[in-house]
Amino acid sequence: MLLAGGQGSRLKALTSKVAKPAVPFGGKYRIIDFPLSNCINSGIDTVGVLTQYKPMELNAYLGNGAPWDLDRSDGGVHVLPPYLGEGEKGSWYKGTANAIYQNLDFIEQYDPEYVVILSGDHIYKMDYAAMLDHHKAMEAACTISVMEVPWEEAPRFGILNVKEGDVIYEFEEKPKNPKSNLASMGIYIFTWSKLRQYLIEDEADEKSSNDFGKNIIPAMLGNGETMVAYRFQGYWKDVGTIDSLWDANMDLLDPKSGFDVYDPEWTIYTRSAVRPPHYTGPKAQVNHSITTSGCEIYGAVEESVLFHSVKIEEGATVRYSVLMPGAVVKKGAVVEYAIIAENTVIGEKAHVGESPKKGSSGKGIAVVAQDLTVGAGAVIPAEAMITKNVKGVKA
Amino acid sequence: MNDLHGILFAYGPSPAMRELTQIRNICSMPYGGRYRLVDFSLSNLVNAGVTDVGVIVHSSYQSLLDHMGSGKDWDLSRKRGGLRILPPFGYSDRRIRQEYRGRMDALAGVYSYLKDIKQDYVLLADADLAANLPISEIFEQHLRSEADITAVCSTKIDVDPQDSNFFTADKHGWVTGVASYPFSANGQTSLEVYIMSKDLLMSMVDYAATHNTPSLGEVLLDMRSRVRIATYLHKGYAARIRSVDSYFKHSMDLLDPAVRADLFLPERPIRTKDQSNASTRYGSQVVSTNSLIADGCTIEGTVVNSILARGVRVAKGAKVENCILLQRTDVQEGAVLRCAITDKNVVVSAGQMLMGSSSYPLVIAKDEIV
């Protein structure tokens, strides 16, 4: 069960028209491709995707699930929006646990032994089958995937305190004085009969905020259920903010980041654009970047991630930036430390973003939202969040 | 458009392709970095709303089958109709060993399939044509003109006359003369794309069988006084690929933005099998100019005036110029390639130098290690 209803408000302009899981990532993908590909690569062929916020593009993207081999006659991908029942009873998904509760019937029709709860806003590759093996071996009611984070960062996470054998005895949300550095990754495996019982009890409690982290997990711990931590090693990133989204894109360019989307044994599947191969023009300069179908590069590109059908005209320069599908950078324009969303046009000699100043802590990423025009000669400073057309400046 | 049925010819041998078609039919020849030639014909039909397509094959068609699969990438995997592969012995167990002598022979070989076509009109086309044809428009013209046959022609395509049909037409586009495999070009070149009624097609197949005329051109020649043939002049780019020379030349045509604009129209996209490759990675200090490069490549050296298919690697210090590198070609450190066509999985070891010429490009067969 993939929780994909999040608004992703910290991504601001990038989620003004789409839910966070549908935000383009890494040249060819959308964020949701990662958990979906993990599912099919782990042998999970029945996936419910819980949608709520701006679902149109996400629904269209998922379609019948064919790009992920999830177009099945038995199982496959199912989009699960909130709904009204008899007597117009029903509501929006009140919390993560309520979202699953509202779809009890969906899960029941498959009568599973185990349910994996995933979120649609993390970038990572993980074999859920290995995690399930661990869950079975430990005879756990719930297994939570964790990763070791630097101690100084632990207060930003949901921390799991464990005893021998990584058995969880306590869950602390953003503890000031952490007792452990094992952070929850928001990936849970439950024995379905147990989860079902706790979801029903939680729903009956009017005071509950119907959330896995706040209610279900503490309730299970309180009742002495066997809860275990499953240690994950490898690349994992929450791309919930502009800086982390930019960072994760840049990690694709850096072999040392440990993030590899080229592993033939663990393909990340996606709905690909139907465009011809990319073209590098007679004076193109492409360095340390990734590009894909439909791109036309006549200018200079350095340390950047280009999505499909991006056009960079002669004399334009793109550095340390992420250009989403269909973005155009006109002659002589400069784009640096920026994220340019879909189909936005950067006018001639405009300048978007700036290199971070020495000693500054943030990346200062400038963002221009989708379907906009930045006029010729306009200057967009670092950290700007552009959501309206910007007029050109007469030379 | 549910009144038109597509029949594609994908049976012909092509000895002039040398090593490149030893393992495949010309129609599944990789072209333009991520396509196979058959993608153009299939996409043209699908873009016009055609839902039923039969593909006539005869030999070395495994690679074509692998590529087309169920037809799902062209939306041709249907409950009713959709893509049908028509191999030689599909409808009879006559062990005719020889190849089809011509298109009429091929059509006779799938006679039962033709009989069951539900649509009133049929489009016949060779599947080795690279062109983006507006089939809807051509079909509309066919219906409006009340022609018996509409032949799609070009005045720009570069072909071997002795391997082509030509039509001379009056100013209204009505065909006045047919030249089949002449010594020199004569009139508009047929792109070998024809629209006619199913009834006329069936009577042509019967005629060919009784008169022992296996070639479509000959049948048209015989029938020209009894049927009204109209031409449709296609003004966009078109290429027919039958030899290594024409393959090399017409691949390189794609480096011209005007040719790409003609072939890859956003409103009529050329679809192909989805391979889920990741993006292409460029290293530092790379040169990549005037080149068409598919996804999943790793480029750390120099690539100039070339076409790279999916998953090609060009290592540091390697130099690739005027080349066509097919899937997963591995050019190792310091190797130099000029005017070469490398088939799938070719490895060019470190330091090797391979030079062809643009009039006689070097061809390296699939899986070879140089």
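All of these numbers come straight from a predicted model, not from anything done at the bench. Protein chains get the first letters and strands the later ones, always in sequence-line order, with residue 1 at the start of each.
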Most chain B-contacting option - heavy-atom pairs closer than 4.5 Å, from P264(A), P282(A), G27(A): P282(A)
Relative to F264(B), does R275(A) satisfy both conditions: NZ or CZ under 6.0 angstrom from the six-membered ring centre, and within 45 degrees of the ring's axis? no
Do you know which of [options] has the most heavy-atom pairs with chain A at a distance under 4.5 angstrom?
options	answer
S284(B), C297(B), G33(B)	S284(B)
P269(B), S288(B), P266(B), G311(B)	S288(B)
L308(B), L255(B), D73(B)	L255(B)

Can you tell me which portion of [X] sits under 4.5 Å from chain B's heavy atoms? Options are side chain, backbone, both or neither.
X	value
D33(A)	neither
T270(A)	backbone
F307(A)	neither
E296(A)	side chain

When every non-hydrogen atom of D295(B) is compared with those of K28(A), the smallest separation belongs to OD2-NZ, 2.7 Å
Which heavy atom of Y269(A) sits nearest a heavy atom of S276(B), and at what distance? CD2-OG, 3.4 Å
By a 4.5 Å heavy-atom criterion (distance strictly below it), what part of R260(B) contacts chain A: side chain, backbone, both, or neither? side chain
So, [X] side chain and [Y] main chain: donor-acceptor pair closer than 3.5 Å or not?
X	Y	answer
D274(B)	P67(A)	no
S291(B)	T280(A)	no
H278(A)	I293(B)	yes
N290(B)	G281(A)	no

If you define the side chain from C-beta out and look only at heavy atoms, does anything of L252(A) sit under 4.5 Å from R281(B)? no
Identified side-chain contact (heavy atoms from CB on, under 4.5 Å) partner of S279(B) from the options V305(A), I290(A), L306(A): I290(A)
Tell me whether N64(A) at atom CG has more than 12 heavy atoms from other residues, nucleotides or ligands lying less than 6.0 Å away. yes
